[in-house]
Amino acid sequence: MTAELILASLQLSTPEIILAVGALALLMIGVFSGERSTTTVTGLAVALLIIAGLWLVMRGGDGMAYGGAFVSDPFARFMKVLILIGSITAMVLTVGHARSDRIDRFEFPVLIVLSTVGMMLMASANSLIALYLALELQSLALYVVAAFNRDSVRSTEAGLKYFVLGSLSSGMMLYGMSLVYGFTGQIGYQEIAAALSAEGRSLGLVFGLVFVLAGLAFKISAVPFHMWTPDVYEGAPTPVTAFFAAAPKVAAITMLVRIVIDAFEPVVADWQQVIVFISIASMLLGSFAAIGQRNIKRLMAYSSIGHMGYALVGLAAGSMAGVRGVVLYMLIYMVMTLGTFACILAMRRREGGNVEGVDDLAGLSTTNPFMASVLTVMMFSLAGIPPLAGFFAKYFVFMAAIEAHLYALAIIGMLSSVVGAYYYLRIVKVMWFDAATDEFARTPGELKLVFGLSGLFITAYVLIGGPIGEAAEAAARTFF
């Protein structure tokens, strides 16, 4: 590579470089200052994420870097902004709970920043090797933060389960990549697509494709690779669970969309069958398995599995309308999830200690009407009730499936949504119609800010959805 190409590559990847270099600098600050630097490091980490986001919005350009391994385009930039918003919000949610959840160490924000670098690289990965390296950078940081509370058996167990199963999925995906490379002779997405167009598919390549999709399905906790999700969501510290439920899901879906639309577009009939299967399985399991849950974090885990199934409905369509639906779905899902977890973090007794039972929300409408109202909006939106944002999220992916003549998939999705509404409405019933047992402690300001803004976005989406939809369409047009 010439000096001009290297300079152009560095310019396109400036946000990632800012975060990577910043994370190393924060690590040095923490090492030399000790534990008293935790607050400073956290504040600087949030500032780094904001700077990277502003650079993306104001200075982001289009093009390929590092010999085609890295791509910057409207789709990547849109999803990177979502990832950064999710990471920033998750960091804000930890402010008041770091000490009680035993995550008040300077390494925690550094790990969040490093995992965010991995997620942003996942969004821009344009070759199999770049994808794998980005995925592992994100995953290694997430394994550590899942088990960050070393004094908690549940947290340690969550981290261990996530690590073991995550390693298995990485191995499966790497094996699939080796098969794809073996049968096409290429690792770049465009080169793989060109080889498939020229030579056609072979049985070995289909096996490779299935293994790659299986590894990616684990990262979005889609059925049948969902088994880690409920245990990790329940066992990890709640601020960590909020992070897991937002930014990494957006990054994994982004990576999945790019690889199937870019690299495997010539064999759309093959990957479409796999996506349809895991979409239906995820929607059904997410709807039915959550019904018996009494722990709200486990309930949100099954809810997450179901929502990934709905997002995959749009991807299964394989059209521009489908990708646009996926982009909008992930935006709205992230806002709903972060708002809900802000409310879950506010479930704290006056005598100390968070509670996680659905029944602990009894009578919340009388003890904290504002939080009850916002959580009600979140539950209605997650259920897909109009005119809230969650309704439009499902509407766009189901319409894309119908336009692609995937009628059975759309019908199953709608029926699953009806079943899923039961457990969301049960939470609303507990808050508004059950007698109050105890009052929660005063809600910290940062939690009020997060769930207040989330509730405002969800209710006002019908008014502001136009420009957001146009931005999502511009992002989807990248592939078509």
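Because the structure is predicted, anything quoted here is derived from the model rather than measured.
Annotation: the span from R105 atom CZ to T42 atom OG1 amounts to 13.0 Å, rounded to 0.5 Å. Remark: L299 CG to L382 CG distance equals 9.5 Å, nearest 0.5 Å. Of the inter-residue distances, the one linking L5 atom CG with L10 atom CG reads 11.0 Å to the nearest 0.5 angstrom. Atoms CD1 and CG, on I259 and D262 in that order, are 9.5 Å from each other to the nearest 0.5 Å.
Applying the salt bridge (charged side-chain N to carboxylate O under 4.0 Å, His left out) criterion to K80, with sequence neighbours excluded, gives E16. For K297, the salt bridge (charged side-chain N to carboxylate O under 4.0 Å, His left out) test picks out E356, with sequence neighbours left out. Looking at residues two or more places apart in sequence or on another chain, you find a ring-ring contact (aromatic ring centres under 6.0 Å, His included) between F479 and F75. Partners of D231 according to the salt bridge (charged side-chain N to carboxylate O under 4.0 Å, His left out) rule, which considers only residues two or more places apart in sequence or in another chain, are K161, R298. For Y233, the ring-ring contact (aromatic ring centres under 6.0 Å, His included) criterion is met by no residue, not counting sequence neighbours. Annotation: ring-ring contact (aromatic ring centres under 6.0 Å, His included) contacts of F457 (sequence neighbours excluded): Y461. For F218, the ring-ring contact (aromatic ring centres under 6.0 Å, His included) partners two or more places apart in sequence, or in a different chain, are W228.
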Ignoring hydrogens and angles, write down the donor-acceptor pairs under 3.5 Å from the side chains of residues 164-175, residues two or more places apart or on other chains.
from: S167; atom 1: OG; to: F163; atom 2: O; distance (Å): 2.7
from: S169; atom 1: OG; to: G166; atom 2: O; distance (Å): 2.8
from: S170; atom 1: OG; to: E136; atom 2: OE2; distance (Å): 2.7
from: S170; atom 1: OG; to: G166; atom 2: O; distance (Å): 3.0

Donor-acceptor list for residues 47-65 side chains, cut-off 3.5 Å, not counting sequence neighbours:
from: D62; atom 1: OD1; to: R77; atom 2: NH1; distance (Å): 2.5
from: D62; atom 1: OD1; to: R77; atom 2: NH2; distance (Å): 3.2

Using atom types as modelled, flag every donor-acceptor pair under 3.5 Å from a side chain in residues 323-342 to any protein atom, sequence neighbours excluded.
from: Y329; atom 1: OH; to: H307; atom 2: ND1; distance (Å): 2.6
from: Y333; atom 1: OH; to: A245; atom 2: O; distance (Å): 3.2
from: Y333; atom 1: OH; to: S304; atom 2: OG; distance (Å): 3.2
from: T337; atom 1: OG1; to: Y333; atom 2: O; distance (Å): 2.8
from: T340; atom 1: OG1; to: M336; atom 2: O; distance (Å): 2.8

Under 3.5 Å, which donor-acceptor pairs link side chains of residues 110-123 to any protein atom two or more places apart or in another chain?
from: S115; atom 1: OG; to: L111; atom 2: O; distance (Å): 3.3
from: S115; atom 1: OG; to: I112; atom 2: O; distance (Å): 2.8
from: T116; atom 1: OG1; to: S87; atom 2: OG; distance (Å): 3.0
from: T116; atom 1: OG1; to: I112; atom 2: O; distance (Å): 2.7

Go through it in stages, so that I can follow the logic: the residues are F244 and Y162, the test is ring pair (Phe, Tyr, Trp, His ring centres under 6.0 Å), and I'd like the CA-CA distance, side-chain angles, deciding distance and then a yes or no. CA-CA 11 Å; F244 277 17; Y162 192 27; 5.4 Å; yes
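T241 places a side-chain N or O within donor-acceptor distance of the main-chain N or O of P237, the cut-off being under 3.5 Å. Proximity of a side-chain donor or acceptor of S381 to a complementary backbone N or O of L388 within less than 3.5 Å is not detected. A donor-acceptor pair under 3.5 Å links the side-chain atoms of R426 to the main chain of I291, judged by distance alone. Of the possible donor and acceptor atoms, none in the side chain of S417 sits under 3.5 Å from a partner among the backbone N and O of G413.
A 6.0 Å sphere centred on OH of Y132 holds more than 12 heavy atoms belonging to other residues, nucleotides or ligands. Under a cut-off of 6.0 angstrom, the local environment of CD1 in I129 is sparse, with at most 12 non-hydrogen atoms contributed by other residues, nucleotides or ligands. More than 12 heavy atoms of other residues, nucleotides or ligands lie within 6.0 Å of CZ in F480, so this atom counts as buried by the packing criterion.
In terms of heavy-atom proximity, T94 sits nearest to F108 at CG2-CE2, 3.7 Å. Across every non-hydrogen atom of S202 and F183, the tightest pair is OG-CD2, 3.3 Å.
Residue pairs meeting the side-chain hydrogen bond (donor to acceptor under 3.5 Å, both in side chains) criterion with at least one partner in residues 272-291, sequence neighbours excluded, do not occur; the list is empty.
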